[in-house]
Amino acid sequence: MDLQGFLMEDVLPPREETLILSERFGGPFKVAGVSEEENAALRAACRRRSENGVAFDRERYLKKLAAAAVREPDLKDAALQQSWGVLGEEALLSKMLTAGEFAKLLAAVERVCGFGAPDGRKNALKKVSAGETAS
């Protein structure tokens, strides 16, 4: 087996997608896939101990994943956050997007991260966000 195609310098970067979430904004959003290393850190940040064991905050995870995947606009930009009166990337997305726009963004994030199943199943992201293995 030739390992050349698996060497880091020979592997393509994560998939990117540019999308118009709404005519409200002066330009498109650009999203890119996140590595499993970054995704694991996002999942870990969304777990907390509860009296029933470990609880997973799926809503928080989805916001964190969306924020991590957005490349443009720069959600870390202080002037952008200040213009919306928030601190933090997740808070910015929550404030600036409507529920429908956020759903469109999540659909694009699912595609670029490779959560979409080839046979049309739509619950791959649900499984990953719940800490299960996507199959």
Check whether any side-chain N or O of Glu90 sits under 3.5 Å from a backbone N or O of Lys63 as a donor-acceptor pair, and report yes or no.
no
Taking only residues two or more places apart in sequence or in another chain, which ones pass salt bridge (charged side-chain N to carboxylate O under 4.0 Å, His left out) with Glu89?
none
Return the minimal non-hydrogen interatomic distance between Arg43 and Tyr61, and the atom names on each side.
CG-CE1, 3.6 Å
How would you list all residue pairs meeting ring pair (Phe, Tyr, Trp, His ring centres under 6.0 Å) that involve residues 67-105, not counting sequence neighbours?
none
Nearest-0.5 Å distance that lies between atom CG in Asp57 and atom OG in Ser50:
11.5 Å
Going by the rule side-chain contact (heavy atoms from CB on, under 4.5 Å), which residues pair with Val112 if we only count those two or more places apart in sequence or in a different chain?
Arg15, Glu17, Val31
Which residues pass the side-chain contact (heavy atoms from CB on, under 4.5 Å) test with Ala103, not counting sequence neighbours?
none
Who are the side chain to side chain donor-acceptor pair (under 3.5 Å) partners of Ser35, not counting sequence neighbours?
none
Is the closest side-chain heavy-atom distance between Leu80 and Pro73 below 4.5 Å?
yes
Ile20 and Leu75: same hydrophobic cluster, using ILVMFWY side-chain contacts below 4.5 Å?
no
Considering non-hydrogen atoms only, spot the tightest contact between Leu106 and Leu62 and give its length.
CD2-O, 3.8 Å
Quick check: closest heavy atoms across Ala68 and Leu42, and the distance to 0.1 Å?
CB-CD1, 4.0 Å
Going through the distances and angles, do Thr98 and Ser22 end up as a side-chain contact (heavy atoms from CB on, under 4.5 Å)?
CA-CA 9 Å; Thr98 65; Ser22 171; over 6 Å; no
If you compare all heavy atoms of Val86 against all heavy atoms of Lys95, which two are closest, and at what distance to 0.1 Å?
CG1-CB, 4.0 Å
I'd like to check the salt bridge (charged side-chain N to carboxylate O under 4.0 Å, His left out) partners of Arg49; sequence neighbours left out, ordered by chain and number.
none
Just verifying a value: how many Å separate Leu21 CG and Phe29 CZ, rounded to the nearest 0.5 Å?
5.0 Å
I'd like to check the side chain to side chain donor-acceptor pair (under 3.5 Å) partners of Glu23; sequence neighbours left out, ordered by chain and number.
none
Solution key, residues 4-13 side-chain donor-acceptor pairs under 3.5 Å, sequence neighbours excluded:
residue, atom, partner, partner atom, Å
Gln4, NE2, Asp10, OD2, 2.3

With sequence neighbours excluded, what pairs up with Glu101 under the salt bridge (charged side-chain N to carboxylate O under 4.0 Å, His left out) test?
Arg24
Nearest 0.5 Å, what's the CG-CG distance between Leu19 and Leu105?
6.5 Å
Compare every heavy atom of Gly33 with every heavy atom of Pro14, then report the nearest pair and how far apart it is.
CB-O, 3.5 Å
Sorted by chain and number, sequence neighbours left out, side chain to side chain donor-acceptor pair (under 3.5 Å) with Arg48 holds for none
Applying side chain to side chain donor-acceptor pair (under 3.5 Å) to Lys64 and not counting sequence neighbours gives none
How many angstroms lie between CG in Asp77 and CG in Leu92, if you round to the nearest 0.5 Å?
9.0 Å
Residues passing the side-chain contact (heavy atoms from CB on, under 4.5 Å) test with Thr18, sequence neighbours excluded, are Pro28, Lys30
Where do Val109 and Ala66 come nearest, in terms of heavy atoms and distance?
CG2-CA, 4.1 Å
